[in-house]
Amino acid sequence: MEMNMSFSRDMDDEYEKFIRRMNPPRVVIDNESCKNATVIRVDSANRHGILLEVVQILTDINLIITKAYISSDGNWFMDVFNVTDQDGNKILDEGILDYIRKSLGPESCFMPSIRSVGMKQSMDHTAIELTGSDRPGLLSEVSAVLRHLKCNVVNAEVWTHNTRAAAVMQVTDEETETAISDPERLSRIKSLLYSVLKGSNKSSLAKTVVSHSVTHTERRLHQMMFADRDYERTGGDVLDDRQRPNVDVVNWHDKDYSVVTIGCKDRPKLLFDTVCTLTDMDYVVFHANIDTLGPDSYQEYYIRHLDGSPVKSDAERQRVTQCLEAAIERRVSEGLKLELCTTDRVGLLSDVTRIFRENSLTVTRAEVTTKAGKAVNTFYVRDASGYPVDVKTIDSIRQVLGQTILKVKGNPDDSKPVSQESPTRFLFGGLFKSKSFVNFSLVRSYS
């Protein structure tokens, strides 16, 4: 049976390669037709997951997607993106434009086995994945254990949402500066980290994975938190109803689509986050329209399940709504943004997070990167008791770490409630000129 499945996958891969050779992707980059954005058009043979792959490539080079139009009925996929750089300018750098052409065009070699999950082998570092219940000081405890085990954290990203925490960390051996390969040592690392995550709560769900795989970190974090069911609301949820994204799911029976509309505050990587979740939930996006109006973003997706069916019940509709809300909220960081830039050294993350913990600060999100001997770490912190972060506390921490090493980047913008006007505002509706469009209705259980 296993051999048959492997043979089937090989045949699918060969078929995709054949289709790709017969119908190579076409990429057109236009800096003339739009006065305030670069327009990127991608035409390609269609397959499940290709939308996520394209969005992921654009997001990975820090492009801001201000508008997008997607259509993939039939066997052909067409994408049009309006993009800018982080400062809102057109993309004029020939190096970046050439990268886009090569990554999305005929020369590209992205395949589902690599891009959709983002896994490949590496001996440069050891990958550690952690999920568990969030609590004040958790990152400090994890970092202290890794330091005790003579592991150096070279890259890491930590998300917290709805009382859950997830982390993807890349570590090396303190002495050799390479991946850790000894099975007994790997087992000990996994065991001790599991004990930290579990804490004293016997009913706590915790998971640790140690491997030599390289993953697309943000893609993997979405998958981990989705698997950990962070979308299920608890009493510890910090967002009130006014701050939550406005997500609506209805069925268009004449076309057998479910239409998902999302209104929320715009931010970088928003489209990537929502497309990740729809892909993980095995929905296919047939059409979509994305538009940014001032500080707000409106997204509209016409979807079906992989089996070709629209959303079938109220329970499924509620789950889609909750999962998309969670996907948007995971990257919304509550707290004060601190940026640390200094020469990298073993134990740096452990020392910094210990100082935060000793000053009653808890980390809600963290990004740790090292390159050419330099460490650039970004932390979002808040007071462990729920009060606003005291300026005096930050001043004392900066005195310990160094005024120039730790910089305060300011409070995140206050979340504003999304306008409730026309909650099912169909931006894409003009494509389907049909009187029956008014036949949308809320999904009802078929049971």
Side-chain angles (χ1 to χ4, degrees), residues 51-52 55 65-73 79-82 222 226 231 233 239 241-305 309-332 415-444:
L51 174 59
L52 176 57
V55 172
I65 300 172
T66 58
K67 292 185 179 182
Y69 169 97
I70 292 105
S71 182
S72 63
D73 263 342
D79 256 5
V80 179
F81 298 98
N82 285 21
H222 275 300
F226 175 74
Y231 53 83
R233 299 287 177 187
L239 291 180
D241 289 336
R242 292 178 303 169
Q243 293 175 301
R244 285 181 186 150
N246 180 16
V247 181
D248 193 60
V249 183
V250 297
N251 273 6
W252 187 7
H253 297 294
D254 286 0
K255 297 290 183 179
D256 280 337
Y257 288 125
S258 290
V259 184
V260 178
T261 55
I262 304 171
C264 64
K265 186 175 180 180
D266 190 36
R267 60 165 175 77
K269 302 188 179 182
L270 179 62
L271 180 60
F272 172 79
D273 295 339
T274 54
V275 172
C276 263
T277 293
L278 289 171
T279 304
D280 287 340
M281 297 183 75
D282 290 331
Y283 289 106
V284 179
V285 176
F286 286 86
H287 302 282
N289 198 75
I290 315 300
D291 200 1
T292 302
L293 302 174
D296 297 326
S297 172
Y298 296 91
Q299 302 182 46
E300 182 176 282
Y301 299 97
Y302 289 67
I303 66 171
R304 294 185 189 131
H305 202 270
S309 65
V311 172
K312 296 178 181 178
S313 66
D314 275 338
E316 185 181 355
R317 177 174 63 85
Q318 183 178 6
R319 187 167 182 262
V320 172
T321 300
Q322 289 178 333
C323 289
L324 287 171
E325 287 176 348
I328 295 167
E329 293 169 1
R330 285 170 194 149
R331 207 190 290 267
V332 176
S415 296
K416 297 178 182 178
V418 177
S419 172
Q420 297 301 310
E421 182 180 354
S422 184
T424 56
R425 178 174 176 270
F426 296 107
L427 300 171
F428 208 81
L431 178 66
F432 304 103
K433 297 296 184 181
S434 170
K435 294 180 180 179
S436 63
F437 196 75
V438 297
N439 291 335
F440 276 101
S441 63
L442 290 177
V443 181
R444 294 286 180 252

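It should be emphasised that the depicted structure is a prediction, and the values quoted were computed from it without experimental measurement. Values below: every heavy atom of this structure, side chains too, minus hydrogens, waters and symmetry copies.
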* Could you go step by step and tell me if Ile290 and Tyr69 meet the side-chain contact (heavy atoms from CB on, under 4.5 Å) rule? -> CA-CA 6 Å; Ile290 315 300; Tyr69 169 97; over 6 Å; no

* To do: Apply side-chain contact (heavy atoms from CB on, under 4.5 Å) to the pair Tyr231 and Arg319, showing each step before the final yes or no.
  => CA-CA 8 Å; Tyr231 53 83; Arg319 187 167 182 262; 3.5 Å; yes

* To do: Dump the intermediate steps for side-chain contact (heavy atoms from CB on, under 4.5 Å) on Asp79 and Leu51, then the final yes or no.
  => CA-CA 8 Å; Asp79 256 5; Leu51 174 59; 3.5 Å; yes

* To do: Return yes if a side-chain donor-acceptor contact under 3.5 Å exists between Ser258 and Asn251, otherwise no.
  => yes

* Asked: Would you say Val332 and Arg267 make side-chain contact, with heavy atoms under 4.5 Å?
  -> yes

* Euclidean distance, Gln322 CD relative to Thr277 OG1, rounded to 0.5 Å -> 12.5 Å

* Do any N or O atoms from the side chain of Thr321 and from the backbone of Arg317 form a donor-acceptor pair under 3.5 angstrom? -> yes

* Identified side-chain hydrogen bond (donor to acceptor under 3.5 Å, both in side chains) partner of Gln299 from the options Thr292, Asn289, Thr274 -> Thr274

* Rounded to the nearest 0.5 Å, what's the gap from CG on Leu293 to OH on Tyr298? Could you check? => 6.0 Å

* If only atom types and distance count, is the side chain of Ser72 paired as donor or acceptor with the main-chain N or O of Phe286 below 3.5 Å? -> yes

* Once you round to the nearest 0.5 Å, how far does SG of Cys276 lie from CE of Met281? -> 13.0 Å

* Asked: For Val249, which of Val260, Asp314, Val259 qualifies under side-chain contact (heavy atoms from CB on, under 4.5 Å)?
  -> Val260

* To do: Please work out which of the three classes, parallel, tilted or perpendicular, describes the rings of His287 and Tyr257, given edges at 30° and 60°.
  => perpendicular

* Asked: Using 4.0 Å as the upper bound for N to carboxylate O, is an ion pair formed by Asp273 and Arg331?
  -> yes

* Structure fact -> dist Cys323:SG -> His222:NE2 (nearest 0.5 Å) comes out at 12.0 Å

* Closest approach of Glu329 to Pro245 (non-hydrogen atoms, all atoms of both residues) -> OE2-CD, 3.6 Å

* Asked: Would a 4.5 Å heavy-atom cut-off, applied to side chains only, mark Leu324 and Leu278 as touching?
  -> yes

* To do: Would you sort out whether Leu270 and Ile328 count as a side-chain contact (heavy atoms from CB on, under 4.5 Å), showing the intermediate values?
  => CA-CA 7 Å; Leu270 179 62; Ile328 295 167; 3.9 Å; yes

* Donor-acceptor under 3.5 Å (Arg304 side chain, Tyr283 main chain) -> no

* Asked: Got Asp266 and Pro295 here, is their nearest side-chain heavy-atom distance under 4.5 Å?
  -> no

* Nearest heavy-atom neighbours spanning Asp280 and Phe226 -> O-CE2, 4.2 Å

* Asked: Tell me, do Thr261 and Tyr301 make a side-chain contact under 4.5 Å, heavy atoms counted?
  -> no

